[in-house]
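First the proteins, then the strands, lettered A, B, ... as listed; each starts at 1. Treat the numbers as computed from the prediction; the structure is a model and nothing was measured.
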Protein chains: 2
Amino acid sequence: MIVTPDLLRSFSILKTLADNDLLGLAQQSSLRKFTRRGIVLNAGEKEEHVCLLFEGRLQGVDFTIDGREVGLYFVQPGEFCGELGLFDRGPQPEYVIALTPSVVVFVPMSGLREIMNKTPTVANTLGLKLADRVRQMIFQRSLLGLPNIPQRVCCQLWALVPNKDKESDAASAIANPPTHMEIAIMLSMSRETVTRVFQTLQKRQIVRRDGSANLIINEVKILKDIAEGKESI
Amino acid sequence: MIVTPDLLRSFSILKTLADNDLLGLAQQSSLRKFTRRGIVLNAGEKEEHVCLLFEGRLQGVDFTIDGREVGLYFVQPGEFCGELGLFDRGPQPEYVIALTPSVVVFVPMSGLREIMNKTPTVANTLGLKLADRVRQMIFQRSLLGLPNIPQRVCCQLWALVPNKDKESDAASAIANPPTHMEIAIMLSMSRETVTRVFQTLQKRQIVRRDGSANLIINEVKILKDIAEGKESI
DNA sequence: GCCGGGGCGTGATTCAAATCACATAGCACC
DNA sequence: GGTGCTATGTGATTTGAATCACGCCCCGGC
């Protein structure tokens, strides 16, 4: 499907690009839709595209030696993934799966790399993104060190609350929330345990389901306190 | 202490540098020694140096919300750390601690960034390093998904075996091995559990201690098999 | 040679999460 | 409106790692 320069510009990573670069890139790019569980990027292969998420939610997943799924990160609309090969031309290290029906812009790595090599600001932005990825992973790693399991779930949930709502007292919502299983693999715990934590949160009216497309956070402040260990569940 | 261009060149990350760049950098750099437990980099601060490890072993550590130590990675001689700020000028996200008496070259970030910005090959090398860091972290994350705890320990041990010995059948050695506690925080388990796994490995003559400076791997192949789940402990 | 602290070794006990085994509920697609 | 799959809910049981509580060893400093 056709990709316009304006669509590309809507992604913060590309917003500093010159118009003609943007146009060239748009002509090489394509729009793809994925149904739930669709495989956006394959691990092990040398991927030729960077993926910008327009709509939906993706998850990066890896597998342990013994075949268990491990969740690495979530991708929100406006973010992107698959950028590692831009730097080292290596194989894509992890799978990326669509958690909900998603719309993804595929930008060819070769074209993007060319622009990156001639435009310091773009190289900079991409370096920044990679650095952010590392910071993100350190944070996620620190969650796995929490011995208190309900707290771990609340921390993960807290990370999914939109930033704009984190300081306010009003209710918030997480659009296209991951399933219990998808949260479980992020935190290396069982699906049942995640379900039981959610049960407690719902009984205490801290969160509420609104269909499968939204998870309402009634008590943003309390969720935060539990995540920070100030309150126990 | 004085740093020579030749010393800098011995680090693979800088080996492509032009002589005059190397000289300039060497004049700004300094050599520092750390005793065991010395803090090489502080978390939270905006660090002004990248650290090249000449001798010893370092560990990147973070803390959970509830104050537990979390191990992120080990640094071997020839590797470096603290490079995140080069890209995003942000604060150092994790602590870096000397696990054994260590010799570290401190290269000022400003000088290195300047060279990186004018030399595409250096920028490339540094991007490569950051990409490698991400791959490393994904691997470490996958270890935490292993439900079989002895296997987890063996995987971590396997990662510390020098690459050159991994394919051979001969015995190998890990110089300056981490303590049980330091391994424990890498794998989010208790020190006692690590000790018990080591006891089993020693009873089966798979590994052996040689003072505190070396851990001998007698049965490289068996360790590998346990790490890969082909054999159980 | 004595002292002290950090790292290691080990048993006893606890306890919470994994696992197993279903039941039920939603949703998507005929 | 039925059908089937996936997600969620829940109890019973098991299990094995964390925790606690020590003792010991080794090494470096005095």
Side-chain angles (χ1 to χ4, degrees), chain A residues 34-38 57 59 64 66-71 97-101 143-154 157 176-203 207-215 232-233, chain B residues 35-38 57 59 64 66-71 97-101 143-154 176-203 207-215 232-233:
Chain A
F34 292 88
T35 57
R36 173 159 171 71
R37 304 210 155 281
R57 188 188 297 275
Q59 183 176 35
T64 61
D66 68 345
R68 272 159 203 263
E69 237 181 336
V70 169
I97 312 280
L99 298 188
T100 68
L143 292 192
L144 296 173
L146 282 172
N148 181 329
I149 263 60
Q151 186 184 6
R152 216 143 109 189
V153 175
C154 290
L157 221 43
N176 296 320
T179 66
H180 295 177
M181 188 63 204
E182 286 148 7
I183 293 173
I185 61 168
M186 290 294 287
L187 301 173
S188 284
M189 59 175 70
S190 75
R191 195 270 309 163
E192 291 89 333
T193 302
V194 175
T195 298
R196 286 186 244 263
V197 174
F198 267 83
Q199 281 310 100
T200 315
L201 289 174
Q202 276 161 200
K203 278 202 191 80
V207 308
R208 175 170 61 83
R209 297 195 55 103
D210 174 23
S212 67
N214 275 294
L215 182 73
S232 67
I233 200 167
Chain B
T35 59
R36 174 159 170 70
R37 305 211 156 279
R57 188 189 296 277
Q59 183 176 35
T64 61
D66 68 346
R68 270 161 203 264
E69 237 182 336
V70 170
I97 313 280
L99 297 188
T100 70
L143 293 192
L144 296 173
L146 282 173
N148 181 328
I149 263 61
Q151 187 182 5
R152 217 144 107 188
V153 175
C154 291
N176 296 321
T179 65
H180 296 176
M181 189 62 205
E182 286 148 8
I183 293 173
I185 62 169
M186 289 295 286
L187 301 173
S188 283
M189 59 177 71
S190 74
R191 195 268 312 163
E192 291 88 333
T193 302
V194 175
T195 297
R196 287 187 243 262
V197 175
F198 267 83
Q199 281 310 101
T200 316
L201 289 174
Q202 277 161 199
K203 279 203 192 81
V207 308
R208 173 171 63 83
R209 298 194 55 106
D210 173 22
S212 66
N214 275 293
L215 182 74
S232 68
I233 200 166

Please report the distance, rounded to the nearest Å, between [atom1] in [X] and [atom2] in [N].
X	N	atom1	atom2	value
His180(B)	dC8(C)	NE2	P	5 Å
Met181(B)	dG9(C)	CE	C1'	16 Å
Asn176(A)	dC27(C)	CG	C1'	15 Å
Glu182(A)	dA7(D)	CD	C1'	10 Å
Asp210(A)	dC27(C)	CG	P	10 Å
Phe198(B)	dG7(C)	CZ	P	15 Å
Leu187(B)	dA17(D)	CG	P	13 Å
Ile183(A)	dT8(D)	CD1	C1'	12 Å

Using a cut-off of strictly less than 4.0 Å, decide whether [X] has a side-chain nitrogen or oxygen near OP1 or OP2 of [N].
X	N	result
Gln199(A)	dT8(D)	no
Gln202(B)	dC8(C)	no
Arg37(B)	dG7(C)	yes

Point to revise | Leu215(A) vs Phe198(A) side-chain heavy atoms within contact, under 4.5 Å | key: yes
Review point. Taking C-beta and beyond as the side chain, do Met186(B) and Gln59(B) meet within less than 4.5 Å on heavy atoms?
Key: yes
Report all interatomic pairs (protein N or O, nucleotide N or O of nucleotides 19-26 of chain C) with separations under 3.5 Å.
{"from": "dT19(C)", "atom 1": "OP1", "to": "Arg68(A)", "atom 2": "NH2", "distance (Å)": "3.1"}
{"from": "dT19(C)", "atom 1": "O4", "to": "Arg196(A)", "atom 2": "NH2", "distance (Å)": "3.1"}
{"from": "dC20(C)", "atom 1": "N4", "to": "Glu192(A)", "atom 2": "OE2", "distance (Å)": "3.3"}

Review point. How do Lys203(B) and Ile149(A) order along DNA chain C: which one's closest nucleotide is nearer the 5' end?
Key: Lys203(B)
Review point. So which one's nearest nucleotide on DNA chain C is more toward 5', Arg209(B) or Asn148(A)?
Key: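 Final value for this comparison: Arg209(B).
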**Study point:** NZ/NE/NH1/NH2 to OD/OE distance under 4.0 Å, Asp66(B) and Arg68(B)
**Key:** yes
Check your understanding: Is the shortest distance from a Lys or Arg side-chain nitrogen in Arg36(A) or Glu182(A) to a carboxylate oxygen in the other one below 4.0 Å?
Key ->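 A salt bridge links Arg36(A) with Glu182(A).
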Review point. Could you state the interatomic distance from OG (Ser188(A)) to CD1 (Ile149(A)), rounded to the nearest 0.5 Å?
Key: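 If we round to the nearest 0.5 Å, Ser188(A):OG and Ile149(A):CD1 are 10.0 Å apart.
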Check your understanding: If we ignore angles and hydrogens, is there a donor and acceptor under 3.5 Å between the side chains of Arg196(A) and Thr200(A)?
Key -> no
Check your understanding: With distance as the sole test, does Thr195(A) use its side chain to make a donor-acceptor pair with the main-chain N or O of Arg191(A) at under 3.5 Å?
Key -> yes
Practice item. Classify the nucleic acid contact of Arg36(B) as base, sugar-phosphate or nothing, counting any heavy atom under 4.0 Å across all strands shown. Key: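 Sugar-phosphate contact only.
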